[in-house]
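Remarks on the structure that follows.
Numbers restart at 1 for each chain; the letters A, B, ... are given by sequence-line order, proteins then strands. These numbers were taken from a predicted model, which means no experiment stands behind them.
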Number of protein chains: 2
Amino acid sequence: MDPIDRQIVALLVEDARRSYGDIGRRVALSAPSVKRRVDRLRTGGAIEGFTAVLDHDALGAGTEALVELFFAPGTLLDEVTARLEEHPEVVEAWSVTGDADAIARVRVGDARDLERLIMELQRDGSVVRTRSQIVLSRLVARGRG
Amino acid sequence: MDPIDRQIVALLVEDARRSYGDIGRRVALSAPSVKRRVDRLRTGGAIEGFTAVLDHDALGAGTEALVELFFAPGTLLDEVTARLEEHPEVVEAWSVTGDADAIARVRVGDARDLERLIMELQRDGSVVRTRSQIVLSRLVARGRG
DNA sequence: GGTGAAATCGTCGCCAA
DNA sequence: TTGGCGACGATTTCACC
């Protein structure tokens, strides 16, 4: 992981479909050499993959919310993770310090779906309370930097 | 935006570097036809772009946190957005309902950087209070759904 | 890390349904 | 309009230096 690797990563975050030749020109390396580095970064796990960034508003999709989760005493993180992964509406989730035990970023059709999702999450008793903040607008959105 | 477009979008979310030919084989379309659709999805705004998904732990990077922001009365959203965009540590931010006015997802080297960032954000008075929750671990992470 | 070569891919104009 | 075909230059991806 040298400065050139970092440059390559930054260029791919900016545009994942950039060609190796284009990257090579910017970092003064040949295309095969760039490919070797990218392959290494992928197998090494630094780059997990490449994805399309969607505009959910333009896609006619719905509502996003950040849901704080409060666990029952003695709840295992793995249980909650498994439960969250059952629901495709959960885009991302983190275990956090502070008031709540975890925060889930969810994408649902509308407020009714959110309500239903929250009920579902609480169903088996590992999540005993939630507190939701519905996203009104996205202020900042960067690659995944 | 027909079912084939949705399939194409899903395939690109899964792997943004897939070739048009590969996509075409999966949706029973020729490569040029797939390219036309992807071009249309991009100019139409449904697909904002393509990015690399990084593993920040593997990259030896630091701490992630969710910072709730409380604005001074009369603060404009655009002001705060501009302020947030000045700081590359802010990966994402949303204006939300509920207790806080906005939530920023930030990535910093360590807790000291977080402290410094928060001081910076509060400096001009539009953000009067913050409440941070440091991410202990990522529970769920899907493409960008 | 570079070079060269072969296979594949991106991209365009043109034509058919 | 939307999709397929053909063609050409660019790109990917090797083996080898």
Report task. To the nearest Å, give me how far apart OH (A/Y20) and C1' (C/dG2) are. Result -> 17 Å

Requested in this report: Check the distance between C/dT11's C1' and A/R17's CZ and give it to me in whole angstrom.
Outcome: 13 Å

Query raised in the report: If you check the A/R25 side chain, which of D/dC5, C/dT3, D/dT11 turns out closest?
Result: D/dT11

Query raised in the report: Counting any heavy atom closer than 4.0 Å, what does B/R40 reach on the DNA or RNA strands: base, sugar-phosphate only, or nothing?
Result: nothing

Query raised in the report: Is B/R123 paired with B/E120 through a side-chain N to carboxylate O contact shorter than 4.0 Å?
Result: yes

Requested in this report: Please indicate whether B/E79 has more than 12 foreign heavy atoms, meaning atoms of other residues, nucleotides or ligands, lying under 6.0 Å from its CD.
Outcome: yes

**Report entry** B/R36 side chain near D/dG4 phosphate (N/O to OP1/OP2, under 4.0 Å)
**Finding:** no

Report task. Please tell me which of the listed nucleotides, C/dT11, D/dT12, C/dG2, lies nearest to the side chain of A/S30? Result -> C/dG2

Report summary line: Whole-Å distance, A/D39 CG to D/dC14 C1', equals 12 Å

Query raised in the report: Considering only C/dC9, D/dT13, D/dC5, which nucleotide approaches the side chain of A/P32 most closely?
Result: D/dT13

**Report entry** Earlier contact from the 5' end, DNA chain D, for B/D2 and A/A31
**Finding:** B/D2

Query raised in the report: Of all the nucleotides listed (C/dG1, C/dT11, D/dC14), which has the minimum atom distance to the side chain of A/S33?
Result: C/dG1

Report task. Round to a whole Å and report the spacing from CG of B/L12 to P of C/dG10. Result -> 11 Å

**Report entry** Over-ring placement of A/R18 relative to A/F50, 6.0 Å and 45° cut-offs
**Finding:** no

Query raised in the report: Tell me: CG of B/D15 to P of C/dC9, nearest whole Å?
Result: 13 Å

Query raised in the report: Looking only at side-chain N and O atoms, does B/K35 come under 4.0 Å of OP1 or OP2 in C/dT11?
Result: yes

Report task. Answer with yes or no whether the hydrophobic clustering places B/I103 together with A/I118; edges join I, L, V, M, F, W, Y residues whose side-chain heavy atoms lie under 4.5 Å apart. Result -> no

Report summary line: Taken to the nearest whole Å, CZ/A/R37 to C1'/D/dT13 is 18 Å

Query raised in the report: Taking atom C1' of D/dT2 as reference, at what distance in whole Å does atom CE of B/M1 sit?
Result: 17 Å

Query raised in the report: In whole angstrom, what separates A/I4's CD1 from C/dG1's C1'?
Result: 10 Å

Query raised in the report: Taking side chain as C-beta onward, heavy atoms only, is B/D113 less than 4.5 Å from B/E89?
Result: no

